[in-house]
Amino acid sequence: MRNSHHRSRHPVSPLLHLPILSAAAFTLCFILFLRRYSTPLIKVESLSPLHHTPPPNPLAFPRNSSLESPAAVSTGPYHDWELFQADYNDMIRNLKIYAYPDVFGNVSSRVSFASIFTPLGDPLDAKLGNYYSEHMFKLALLNSDLITFRPEEARLFFLPFSINALRNDRRVRSEEAIAEFVARYVGDVSREFRFWNASGGADHFFVCCHSVGREAVSRHYELHNNAIQVTCSSSYFQRLYVAHKDVGLPQVWPRPVEKELNLPHARRRLVFFAGRKQNSDLRRLLMTLFRNDSDLDIFETTSAFSYEEGFRRSKYCLHVKGYEVNTARLSDAIHYGCIPVVLSNYYDLPFANIVDWNKFSVIINHNQVGDLKKILSSIPEEMYLIMYSNLCLVRRHFRWHHVPEAFDAFYMTAYQLWLKRNSQRVHYIIPNEDIVT
């Protein structure tokens, strides 16, 4: 193992020929980038250490929250709300995350890779789509009180490369080139900073929603085996996903806020699903069985009404495995108040250690797809209303905000990382200071 107490003088990667910036320069570059390219949707000034607007109190409940009722808590969608809240509060007080600098080259050489590491100026950019969560986590982290500019006090370390941005960069868009880029970047980090070598990467993490992300980290042994993968493609069946080490991230499509949900009595259709069947044997079977069933709204591509309207008018909305176990339909159903029906074996559902998915969704094995209509039709109305009420409680856990809010998707994901913090405990020696653990 390399010496973890001294900074190496080795040259940086021959692929990039780019220096790694200091933490202060990194922060400044983020600020300048966002000031230049952000839209009015983003409160850029909140990123500046000199003009910092404190984010909302992550310990506070929204006004009139139904969680304020002890009865709602005890019968709600959580495994143990009080236990979770106590540990969550501990996280807010103690978790600090250091984001490594991005890498910049000489502007005149036109080899800058800044866009690979910085959040997009407009997170609602249509190019994001299924990869919205990947970018919003980064933006929310920078706007949160969890970020630290002193790596010695960090509990966790964030590698801010974006697989989605790499896929859209013509210089490195192939899977092989992306894997090479990521391996060399992490190699540079391990040479320039002592923190990676001190833990072998066990207290480091990266975030990706693109399926290419799994293969992208396979070239660097410690990144693949030790670092925490925060991913939308959280499947027990995937060889590069390790459930006890990695974290499932909700895949969220950027959609306008649904201020008022259709109430249960206004949802007159039993089931809704719309999606392509090319990459999924299960979807093809679903279409074959129920495409012509007048009681179910199941479409391959188009329908007589909009995609959004399908969620609003239905009681149950299907999340059916495609190429991966995850799709944005799960969060879409939650967003529009439609009970999710999960047809996706081996899916490590997001936040499953906090929320009990059986209390606000229906989980059906692939082998039971032929009984889909029978299963859903047999659910008593009282049970449906309980699930709908619980769904309303968990909706905020699947929302992203530029400045993170209490118990939103960012803080729920950060809590999952908080639970991983003790997988390997590291002691850092700080000159003239006490040991920080």
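Only a predicted model underlies this, so the values are computations on that prediction, with no experimental measurement involved.
Residues Leu139 and Asn143 are in side-chain contact: their nearest non-hydrogen atoms beyond the backbone lie under 4.5 Å apart. Side-chain atoms of Phe351 and Val394, non-hydrogen and from C-beta on, never get closer than 4.5 Å to each other. With contacts defined as side-chain heavy-atom distances shorter than 4.5 Å, the pair Ser144/Tyr411 qualifies. Within the 4.5 Å cutoff, side-chain heavy atoms of Leu372 are placed close to those of Leu286. With contacts defined as side-chain heavy-atom distances shorter than 4.5 Å, the pair His397/Ile354 does not qualify. Within the 4.5 Å cutoff, no side-chain heavy atoms of Val252 are placed close to those of Met136. Between Asp87 and Leu419 there is a side-chain heavy-atom pair separated by less than 4.5 Å. For the pair Ile364 and Val369, the minimum side-chain heavy-atom distance is 4.5 Å or more.
Counting all heavy atoms, side chain and backbone alike, Asn197 lies closest to Ser190 at ND2-O, 2.9 Å. Looking at every heavy atom in both residues, Tyr100 comes nearest to His204 through OH-NE2, 2.7 Å. For the pair Leu146 and Ile92, the tightest heavy-atom approach, listed with the atom from each and the gap, is CD2-O, 4.4 Å. For Leu95 against Ala414, the heavy-atom pair with the smallest separation is CD2-O, 4.0 Å. Nearest approach of Leu156 to Trp418, heavy atoms of both residues: CD1-N, 4.5 Å. Contact between Cys317 and Ala333 at its shortest, heavy atoms only, is CB-CB, 4.0 Å.
Between the side chain of Asn345 and the backbone N or O of His366 there is at least one donor-acceptor pair closer than 3.5 Å. One N or O on the side chain of Lys245 and one on the backbone of Ala227 form a donor-acceptor pair closer than 3.5 Å. In this structure, Lys138 contributes its side chain and Phe117 its backbone to a donor-acceptor pair below 3.5 Å. Not one N or O on the side chain of Arg155 forms a donor-acceptor pair closer than 3.5 Å with the backbone of Lys96. Tyr131 contributes no side-chain N or O that, together with a main-chain N or O of Ser162, makes up a donor-acceptor pair within less than 3.5 Å. Judged purely by atom type and a 3.5 angstrom limit, Asp348 has no side-chain atom pairing as donor or acceptor with the backbone of Gly248. Looking only at distances, a side-chain donor or acceptor of Asn168 sits under 3.5 Å from a matching main-chain atom of Asn164. Checked by atom type and distance alone, the side chain of Glu300 never pairs as donor or acceptor with a backbone atom of Met287 at under 3.5 Å. In terms of modelled atom types and a separation under 3.5 Å, the side chain of His79 and the main chain of Val355 share a donor-acceptor contact. Side chain of Trp196 to main chain of Gly187: no donor-acceptor pair is present (N/O by atom type, distance under 3.5 Å, no hydrogens or angles).
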Next item on the list: Evaluate ring-ring contact (aromatic ring centres under 6.0 Å, His included) for Phe273 paired with Phe299, printing each intermediate quantity in order.
Entry: CA-CA 6 Å; Phe273 174 79; Phe299 307 98; 9.5 Å; no
Note to self: Under the criterion ring-ring contact (aromatic ring centres under 6.0 Å, His included), I'd like the reasoning laid out for Phe193 against Phe157: C-alpha separation, chi angles, the key distance, then a yes or no.
What the structure shows: CA-CA 11 Å; Phe193 296 86; Phe157 298 82; 8.9 Å; no
Margin query: Is there a side chain to side chain contact (heavy atoms under 4.5 Å, CB included) between Gln229 and Phe206? Walk through the geometry before answering.
Written below: CA-CA 6 Å; Gln229 176 188 190; Phe206 62 96; 3.7 Å; yes
Next item on the list: Would you please test Leu159 and Tyr185 for side chain to side chain contact (heavy atoms under 4.5 Å, CB included) and show each step?
Entry: CA-CA 9 Å; Leu159 298 160; Tyr185 172 72; 4.1 Å; yes
Next item on the list: Dump the intermediate steps for side chain to side chain contact (heavy atoms under 4.5 Å, CB included) on Asp297 and Arg313, then the final yes or no.
Entry: CA-CA 10 Å; Asp297 292 331; Arg313 61 188 254 168; 3.6 Å; yes
Notebook entry, point to check: Taking it one step at a time, do Cys232 and Cys208 satisfy disulfide (SG to SG under 2.5 Å)?
Noted result: CA-CA 7 Å; Cys232 294; Cys208 66; over 6 Å; no
Checklist line | Test log, rule side chain to side chain contact (heavy atoms under 4.5 Å, CB included), inputs Ile298 and Arg291 | finding: CA-CA 6 Å; Ile298 293 179; Arg291 182 184 351 220; 5.7 Å; no
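Cation-pi geometry between Arg171 and Phe113 is met: under 6.0 angstrom from the ring centre, within 45 degrees of the axis.
Atom-to-atom distance recorded for Tyr347:OH and Ile363:CD1 is 11.0 Å, nearest 0.5 angstrom. Rounding to the nearest 0.5 Å gives a distance of 9.5 Å between OG1 of Thr118 and NE2 of His135. Within the model, atoms CZ of Phe205 and CG of Asn226 stand 16.0 Å from one another, a figure rounded to the nearest 0.5 Å. Note that OG1 of Thr413 and CG of Asp408 are 8.5 Å apart. Values are rounded to the nearest 0.5 Å. Once rounded to the nearest 0.5 Å, the distance linking CD of Glu309 with OG of Ser314 reads 8.5 Å. Atoms CZ and OG, on Phe398 and Ser133 in that order, are 10.5 Å from each other to the nearest 0.5 Å.
Scored by the ring pair (Phe, Tyr, Trp, His ring centres under 6.0 Å) test, Tyr307 finds Phe311 as partners (sequence neighbours excluded).
Listed by first and then second residue, the disulfide (SG to SG under 2.5 Å) pairs that reach into residues 171-202 come to none, sequence neighbours excluded.
Surrounding CZ of Arg276 are at most 12 heavy atoms belonging to other residues, nucleotides or ligands under 6.0 Å away. More than 12 heavy atoms of other residues, nucleotides or ligands shown are found within 6.0 angstrom of CD on Gln368.
Inspection of the Ser331 and Trp253 side chains reveals no N or O donor paired with an N or O acceptor under 3.5 Å.
Ion pair Arg191/Asp188 flagged as a salt bridge, since at least one NZ, NE, NH1 or NH2 atom sits closer than 4.0 Å to an Asp/Glu carboxylate oxygen. Under a 4.0 Å N-O distance rule, the pair Glu180/Arg184 qualifies as a salt bridge.
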